[in-house]
Amino acid sequence: MEKANKTIAIFNISQHYFKNMFKIVKKETLAESTKMFEVEAERIAKKCMPGQFIILRIHEKGERVPLTIADFDRDKGTITIVFQEVGKTTFQLGKKNVGDEILDFIGPLGNPSEIEKFGNVVCIGGGTGIACVYPQVKMLKEKGNKVISIIGARTKNLLFWEEKMKKFSDQIIVTTDDGSYGRKGVVTLPLKEILEKEKIDRVIAIGPPIMMKFVAKTTLPYKVKTIASLNSIMVDGTGMCGACRCVVGGETKFACVDGPEFDAHLIDFDLLISRNKMYLDEEKKSLELYRGEI
Amino acid sequence: MRTSMPEQKPKERIKNFNEVALGYSEEDAVKEASRCLNCKKPSCVKGCPVGIDIPGFIQLIKEKRFEDAIDKIKEKNSLPAICGRVCPQETQCEQLCILGKKGEPVAIGRLERFAADWERKKGVKPPEKVEDTNKKIAVVGSGPAGLTCAAELAKKGHSVTIFESLHKTGGVLMYGIPEFRMPKKIVESEIDYIKDLGVKIKTDMVVGKTIEVDELKKDFDAVFVATGAGLPMFMHLPGENLNGVYSANEFLTRVNLMKAYRFPEYDTPVTIGKRVAVVGAGNVAMDSARTSLRLGAEQVFIVYRRSEKEMPARKEEAEHAKQEGVKFMLLTNPIRFIGENGRVKKMEYIQMKLGEPDESGRRRPIPIKGSESVMGVDTVIMAIGQRPNPLVPKSMPGLETGRHGNIITDEHGKTSIKGVFAGGDIATGAATVISAMGMGKKSARAIDRYVKEK
């Protein structure tokens, strides 16, 4: 009996050690329908680098959703994620609060961004892409680059992290499509002016595929190396399924293991846009049913 | 004549995801077991990659000592309900059965399945505890090779931890093989048995990303890499990236692991059209075709570049597919996919003829000029094979790998890095569940020796 008890005790300790606990320790609403979580994920926080992503699942019947790592704190062992409530899963996720746990939190996945001293770098974030480009801005600055940040959104209510970005940027430009804040228009307008004015060594763009496509078009005549991060549909995120396949320089690549960042001048953005629409009907149906339930 | 196993009728079963083969009753099992001649020098055992005492357990079934029968199997095989279902017995144990020379061999697989199912219904008894050796072993991947290796090492008293990248344990048994062929409850119950042996399982751990093999080497006395053949292959044809063209891996993972067949109750969707072309003719292709029917496809075609004789699928799988109405377009190869608004609408294909045998020993398919045709398709599933998953090997500098990205090992699973062993599809390239288990077992013996000498 004594022996049995001892076995159980050891078993419990190891269970505790191995139990996944992805607890939300901070929650903020950053903008309209845009939320931020800080999640306890010690191992991921220890290893992740800018440009990488995580995959999460929030309940037993849930889907696996990839989200770019928006920040990390190695000491606290936390990962920051930012998401916009657009579908059933992101709405459900947005309902979670500090103290709640996320069922599965997997990463860091994908390759880290290439970050070194390039010289003059323009970092562009569109919509939630602002959060995705932030860790790169931070590290590029730390490496001694001159960083010009351009952040844009459809309207003022969707903007966030201007102050945070400013802290690591030599210059920051804000645009809104409707002119409700900052400059009226799209991010490519100030980008073009900058490219005309000074020598830029690299451009990094993260945001809606259509934005990244036009950033690439804008920089191409100036022959400035441009990097985009692809937000493809994924299932496993480890190279097993090929849902995230994209074409780069005429070759099929998997965004999850070969990317998610690629040379934007070589990416077939139209294919990405088309593939991201694959489940529009299903996503709509799922959301409608969910809204009916609540 | 062997005792037949009841099955769901084809017309019924294509409307559900329940298991097709229903298993023997006690009566059926005893009757079939009585056919065994209990040969003095049984050949069947030589055909079993894990060396089960086949005549031994069959005699026990004959004597209605079912509990002893399952114990006998479990001496060598910790996953009997799985093997009884998906082992290609016809090319292994059953092929060597003496009765098969003149008539039909003893249905060894069905009897194994019966014994395992009998025990599960009754309640699986927990394994006996063995003395702890204080040796720690990390197993990377929880598919057939990883589970088997872990079970074998646990039985020897080692402390084993499995690291699984997905959120569920079981590898291909969970994401690849469909519910109607391998009910997930059964996989879960076999995994529970392995946990009862003391094996710890850590999901959501992508080795090579979340944690490196080098880190595992510090915390464990040995590492066994069994990450499988998870890299889907494509033909690189025009239009292959259109929406509606899936890799079999993606299609099956959505349906099996993520349970898309129960969308929208489950959140992961899958789309299926009326006409589906599955390219390839292995077991994965048959699984994809039969899954398509169950999702509501009206016409499903297997498109295969060689003839029926060369099909790599188990006969039983191809037979089941035929019964369910899957049509076989043999000596046919796709050459491009044509889309509309980004979705696949048509497939252009060409007729093939067979030439001289190639390095695989099968006759090489040659396209017949001018024989191109076009057919309408709404969904295409590429099931032309999988390569070893490069994620772990790529993360290990100094690890020797082969031409196809497989980890090179000796016959005991030893890799070029000390203390690191590998087995299953990551070492051999895509093969069967049982051969992976055989390797897992062999490697477990080598790892046992290694940690004891260390």
Side-chain angles (χ1 to χ4, degrees), chain A residues 3-4 7 10-11 14-15 17-18 20 22 43-44 47 52 55 57-65 87-89 92 103-110 235-243 245-247 251-252 254 257 268 270-271 273-275 277-279 281-283 285-286 288-290, chain B residues 129 132 159 161 165-168 175 198 200-206 208-212 215 227-228 230-234 236 240-254 257-260 262-271 339 341-343 382 386 389-391 394:
Chain A
K3 201 183 167 194
T7 319
I10 292 165
F11 186 69
S14 60
Q15 277 299 94
Y17 176 71
F18 283 108
N20 290 325
F22 305 114
R43 277 195 188 281
I44 305 175
K47 282 201 64 191
Q52 291 188 295
I55 280 188
R57 201 173 69 112
I58 51 176
H59 56 78
E60 272 308 327
K61 293 177 180 177
E63 57 185 336
R64 292 168 65 99
V65 178
K88 180 184 171 186
T89 304
Q92 281 182 322
L103 181 63
D104 298 294
F105 204 77
I106 303 151
L109 300 170
V235 184
D236 63 286
T238 60
M240 257 177 51
C241 80
R245 52 195 202 276
C246 50
V247 169
E251 257 181 75
T252 295
F254 289 2
V257 286
D268 181 345
D270 294 335
L271 178 71
I273 291 166
S274 166
R275 286 189 66 82
K277 287 182 189 156
M278 171 94 179
Y279 296 104
D281 293 345
E282 287 78 9
E283 284 160 8
K285 185 176 169 189
S286 199
E288 275 167 10
L289 275 168
Y290 172 67
Chain B
K129 291 261 177 276
D132 200 346
S159 162
T161 305
S165 69
L166 290 168
H167 56 269
K168 277 247 180 326
Y175 74 76
K200 292 178 276 287
I201 299 174
K202 180 89 177 97
T203 52
D204 293 346
M205 289 289 269
V206 187
K209 290 283 180 192
T210 316
I211 191 165
E212 302 296 326
E215 294 173 68
T227 47
L231 183 72
M233 283 162 71
F234 288 96
H236 305 292
E240 211 174 4
N241 292 326
L242 285 163
N243 287 341
V245 182
Y246 283 103
S247 74
N249 260 13
E250 179 186 354
F251 182 72
L252 293 173
T253 300
R254 283 180 179 273
L257 177 75
M258 307 309 295
K259 302 221 184 303
R262 286 166 70 181
F263 178 86
E265 182 200 346
Y266 282 75
D267 292 335
T268 305
V270 70
T271 60
N341 299 324
R343 272 205 86 89
M382 303 303 291
Q386 298 87 233
N389 196 324
L391 208 142
K394 260 186 167 169

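Note that the coordinates shown come from a computational prediction; the quantities given were computed from them, not determined experimentally. Sequence lines set the chain letters: A, B, ... in the order given, protein chains first and strands last, and positions in each chain run from 1.
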Q: Under 4.5 Å, counting heavy-atom pairs only, tell me which of B:Arg343, B:Glu265, B:Lys259, B:Met382 racks up the most with chain A.
A: B:Glu265
Q | Max heavy-atom pair count under 4.5 Å with chain A, selected residue of B:Pro269, B:Gly342, B:Pro390, B:Gly244 | A | B:Pro269
Name the region of [X], side chain, backbone, both or neither, that has any atom closer than 4.5 Å to a heavy atom of chain A.
| X | result |
| --- | --- |
| B:Asn389 | side chain |
| B:Leu252 | neither |
| B:Leu391 | side chain |
| B:Glu240 | backbone |

Could you check if a side-chain atom of [X] sits within less than 4.5 angstrom of a side-chain atom of [Y], using non-hydrogen atoms only?
| X | Y | result |
| --- | --- | --- |
| B:Asp204 | A:Phe105 | no |
| B:Lys209 | A:Ile106 | no |
| B:Asp267 | A:Lys88 | yes |

Any idea which heavy atoms bring [X] and [Y] closest together, and the distance?
| X | Y | answer |
| --- | --- | --- |
| A:Arg275 | B:Asn241 | NH1-O, 2.7 Å |
| B:Val245 | A:Arg245 | O-NH2, 2.8 Å |
| A:Lys47 | B:Gly208 | NZ-O, 4.4 Å |
| A:Pro108 | B:Thr210 | CD-CA, 4.1 Å |

Per-residue contact mode, [X] against chain B (heavy atom under 4.5 angstrom):
| X | answer |
| --- | --- |
| A:Thr238 | both |
| A:Glu288 | neither |
| A:Glu251 | neither |

Q) Taking A:Gln52, A:His59, A:Met278 one by one, which has the highest count of heavy-atom pairs under 4.5 Å against chain B? A) A:Met278
Q.
Quick check for you: among A:Lys285, A:Glu60, A:Arg64, A:Glu283, which has the greatest number of heavy-atom pairs under 4.5 Å with chain B?
A. A:Arg64
Q.
Please check this pair: side chain of A:Arg43 against backbone of B:Met205, looking for a donor-acceptor N/O pair closer than 3.5 Å.
A. no
(Q) When you measure from the side chain of B:Asn249 to the backbone of A:Gly242, do you find a donor-acceptor pair of N or O atoms at a distance under 3.5 Å? (A) no
Roughly how far, to the nearest 0.5 Å, is the [atom2] atom of [Y] from the [atom1] atom of [X]?
| X | Y | atom1 | atom2 | answer |
| --- | --- | --- | --- | --- |
| A:Cys241 | B:Tyr175 | SG | OH | 11.0 Å |
| B:Met258 | A:Arg57 | CE | CZ | 5.5 Å |
| B:Phe263 | A:Lys61 | CZ | NZ | 13.5 Å |
| B:Lys168 | A:Asp104 | NZ | CG | 8.0 Å |

Q) In terms of heavy-atom contacts, does NZ of A:Lys277 have more than 12 from other residues, nucleotides or ligands at under 6.0 Å? A) no
**Q.** Worked verdict on A:Asp236 versus B:Thr253 for side chain to side chain donor-acceptor pair (under 3.5 Å)
**A.** CA-CA 9 Å; A:Asp236 63 286; B:Thr253 300; over 6 Å; no
**Q.** Basic-acidic side-chain contact under 4.0 Å: B:Arg254, A:Glu63
**A.** no
Q: Measure up the B:Phe234 and A:Phe254 rings against each other and bin them: parallel (under 30°), tilted (30 to 60°), perpendicular (over 60°).
A: perpendicular
